[in-house]
Amino acid sequence: MISHDPRGFDRAKAQAEAYVGDRKKARQLVQEVLTKAYQHRGQLETIWNDLMALIRMIRSWARGDFKRLPRKTILVAIAAVLYFLNPFDFIPDFIPGIGYLDDAAVLAFVLNSIRHDVATFLEWEKEQ
């Protein structure tokens with residue numbers, strides 16, 4: 001079977017299963033991702049808004065505030081942030097200038113695949 005997921009993303013999806021089953025663990029993950037994101041904000045400028053939207057969606061789901069997410073959506077959203085957290089993914093994050101290119105590609109892939117659910121979340125968020 002041929003996978004259409006970005007290279008290395010299957011491992012992140014497997015790890016994400018534990019977070020989907022444990023919302024407390026998912027809330028802790030959000031904090032770790034926010035810490036790393038803010039530490040590297042300058043390098044993440046091109047994906048910043050999308051990354052923050054994804055983080056807010058995961059946080060709202062983990063808190064139980066936003067309940068309209070299919071399991072597959074939350075699984076790939078969590079997998080995307082786990083991929084982002086991994087400093088030794090396909091292109092190691094410490095490589096100047098290109099270390100976050102693969103993270104941006106994975107984020108774009110995930111956002112494209114869950115576009116409708118993210119739009120639903122953003123509309124819900126505006127109403128809050």
Side-chain angles (χ1 to χ4, degrees):
M1 183 171 161
I2 297 173
S3 173
H4 296 288
D5 290 347
R7 189 176 195 155
F9 192 62
D10 285 339
R11 191 166 88 199
K13 282 194 332 193
Q15 292 171 328
E17 289 286 349
Y19 294 87
V20 172
D22 186 344
R23 289 179 190 237
K24 181 179 179 185
K25 190 173 180 173
R27 288 191 302 270
Q28 292 169 341
L29 175 67
V30 165
Q31 290 308 316
E32 290 176 47
V33 172
L34 282 170
T35 298
K36 181 175 180 178
Y38 278 101
Q39 287 172 346
H40 302 282
R41 187 173 183 166
Q43 296 166 288
L44 301 169
E45 188 176 330
T46 59
I47 62 169
W48 185 258
N49 291 336
D50 290 337
L51 179 60
M52 290 299 112
L54 199 63
I55 291 169
R56 290 192 317 272
M57 185 177 77
I58 295 168
R59 182 178 51 211
S60 294
W61 168 83
R63 288 179 178 165
D65 298 334
F66 184 67
K67 299 174 182 165
R68 295 180 280 173
L69 281 178
R71 185 180 193 289
K72 181 183 177 200
T73 296
I74 196 62
L75 179 73
V76 296
I78 290 173
V81 298
L82 284 168
Y83 188 93
F84 168 73
L85 274 180
N86 182 357
F88 301 106
D89 46 31
F90 186 60
I91 301 174
D93 295 345
F94 58 82
I95 298 175
I98 64 167
Y100 288 101
L101 286 178
D102 61 323
D103 299 77
V106 165
L107 183 62
F109 168 80
V110 166
L111 287 170
N112 188 50
S113 70
I114 62 173
R115 175 179 343 140
H116 176 74
D117 294 323
V118 173
T120 300
F121 166 73
L122 292 173
E123 283 299 315
W124 171 85
E125 190 179 46
K126 279 184 199 174
E127 295 170 2
Q128 299 310 303

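Residue A80 comes nearest to V110 through the heavy atom pair CB-CG2, 3.8 Å, listed as atom of the first residue, atom of the second, then distance. Between K13 and L75 the shortest heavy-atom distance is O-CD1, 3.7 Å. Of all heavy-atom pairs between I114 and A77, the closest is CD1-CB, 4.3 Å.
With R63 contributing its side chain and S60 its backbone, the two residues share no donor-acceptor pair below 3.5 Å.
Interatomic distance, D103 CG to L51 CG, rounded to the nearest 0.5 Å: 9.0 Å. Here CD of E125 is found 12.5 Å from OG1 of T120. Values are rounded to the nearest 0.5 Å. Between atom CD of residue E32 and atom CG of residue L82 there is a gap of 8.5 Å, rounded to the nearest 0.5 Å. To the nearest 0.5 Å, the span separating CZ on F109 from OH on Y83 amounts to 11.5 Å.
Side-chain contact between D65 and R59 is absent, with no heavy-atom pair separated by less than 4.5 Å. For the pair F84 and L107, the minimum side-chain heavy-atom distance is 4.5 Å or more. Residues Q39 and T35 are in side-chain contact: their nearest non-hydrogen atoms beyond the backbone lie under 4.5 Å apart.
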Just do the side-chain contact (heavy atoms from CB on, under 4.5 Å) check on L122 and R56 with the steps written out, would you?
-> CA-CA 9 Å; L122 292 173; R56 290 192 317 272; 3.7 Å; yes

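Considering only residues two or more places apart in sequence or on other chains, F121 meets the ring-ring contact (aromatic ring centres under 6.0 Å, His included) condition with F66, W124.
The side chain to side chain contact (heavy atoms under 4.5 Å, CB included) test with V81 is passed by exactly one of V106, L29, V30: L29.
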Could you give the side-chain donor-acceptor pairs of residues 21-28 under 3.5 Å, partners two or more places apart or in another chain?
| from | atom 1 | to | atom 2 | distance (Å) |
| --- | --- | --- | --- | --- |
| D22 | OD1 | K24 | N | 3.2 |
| D22 | OD1 | K25 | N | 3.1 |
| R23 | NH1 | W61 | O | 2.5 |
| R27 | NH1 | A62 | O | 3.0 |

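A side chain to side chain donor-acceptor pair (under 3.5 Å) check over residues 66-78, counting only residues at least two apart or in different chains, returns the pairs E17-R71, T73-D117.
Counting heavy atoms of neighbouring residues, nucleotides and ligands inside a 6.0 Å radius, atom CD of E45 does not exceed 12 of them.
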